[in-house]
Amino acid sequence: MAEKFDSLEEHLEKFVENIRQLGIIVSDFQPSSQAGLNQKLNFMVTGLQDIDKCRQQLHEISVPLEVFEYIDQGRNPQLYTKECLERALAKNEQVKGKIDTMKKFKSLLIQELSKVFPDDMAKYKAIRGEDPSP
């Protein structure tokens with residue numbers, strides 16, 4: 001899979017360089033540079049075809065739209081990954097706290113119910129396969 005990305009990256013770099021050179025030719029156009037302009041335009045078409053071939057090899061890859069928003073804002077797309085991981089860690093801590101709280105609540109509830117309904121709680125613990133001691 002990495003070689004497919006490397007190939008796409010190589011084609012994109014060549015395409016960008018070709019566009020840069022095309023811009024130079026166009027900005028200082030002379031009738032004598034028509035052949036060079038035609039050649040660069042043909043290279044541009046070929047480059048787009050090469051990029052399209054790479055696209056077909058990578059059709060199963062999906063990129064979250066937020067990554068493109070980061071790029072449009074001039075931000076590093078790797079920041080998206082970092083921020084996603086930070087949000088996931090924060091959410092994980094939040095959920096872990098809720099689980100711990102629920103475990104403590106269950107323990108306290110069983111303790112208090114055992115004081116009020118000792119026989120029923122002994123049956124409950126027996127059904128659950130727990131130690132019936134309070």
Checklist line | From N92 atom CG to L85 atom CG, the distance as rounded to the nearest 0.5 Å | finding: 11.5 Å
Notebook entry, point to check: Taking only residues two or more places apart in sequence, or in another chain, which ones meet E9 in a salt bridge (charged side-chain N to carboxylate O under 4.0 Å, His left out)?
Noted result: none
Item checked: Distance in Å, E83 CD paired with R87 CZ, rounded so as to fall on 0.5 Å steps -> 6.5 Å
Show which side-chain atoms of residues 24-33 pair as donor or acceptor with protein atoms under 3.5 Å away, not counting sequence neighbours.
from, atom 1, to, atom 2, distance (Å)
S27, OG, G23, O, 3.2
S27, OG, I24, O, 2.9
S33, OG, Q30, N, 3.2
S33, OG, Q30, O, 2.7

Notebook entry, point to check: Under the salt bridge (charged side-chain N to carboxylate O under 4.0 Å, His left out) test, which residues partner E69, sequence neighbours left out?
Noted result: none
Check: How long is the span from the CG atom in L89 to the SG atom in C84, to the nearest 0.5 Å?
Finding: 11.0 Å
Notebook entry, point to check: Rounded to the nearest 0.5 Å, what separation is found between the CG atom of L65 and the CZ atom of F68?
Noted result: 7.0 Å
Notebook entry, point to check: Would a distance-only check, ignoring hydrogens and angles, find a side-chain to backbone donor-acceptor pair under 3.5 Å from N18 to G47?
Noted result: no
Note to self: Side-chain heavy atoms nearer than 4.5 Å, only ILVMFWY residues, links allowed to pass through others: does that put L48 and V16 together?
What the structure shows: no
Notebook entry, point to check: Is a donor on one side and an acceptor on the other found under 3.5 Å between the side chain of S7 and the backbone of E3?
Noted result: no
Notebook entry, point to check: Under the side chain to side chain contact (heavy atoms under 4.5 Å, CB included) test, which residues partner Q39, sequence neighbours left out?
Noted result: F43
Next item on the list: Sequence neighbours left out, what passes side chain to side chain contact (heavy atoms under 4.5 Å, CB included) with P64? Give chain and number order.
Entry: E66, V67, Y80
Next item on the list: Each residue besides F105 in its hydrophobic cluster should be listed here, by chain and number; the cluster joins Ile, Leu, Val, Met, Phe, Trp and Tyr at side-chain heavy-atom distances under 4.5 Å.
Entry: L109, I110, L113, V116, F117, M121, Y124
Note to self: Quiz question: by atom type and distance under 3.5 Å, do the side chains of K4 and Q57 form a donor-acceptor pair?
What the structure shows: no
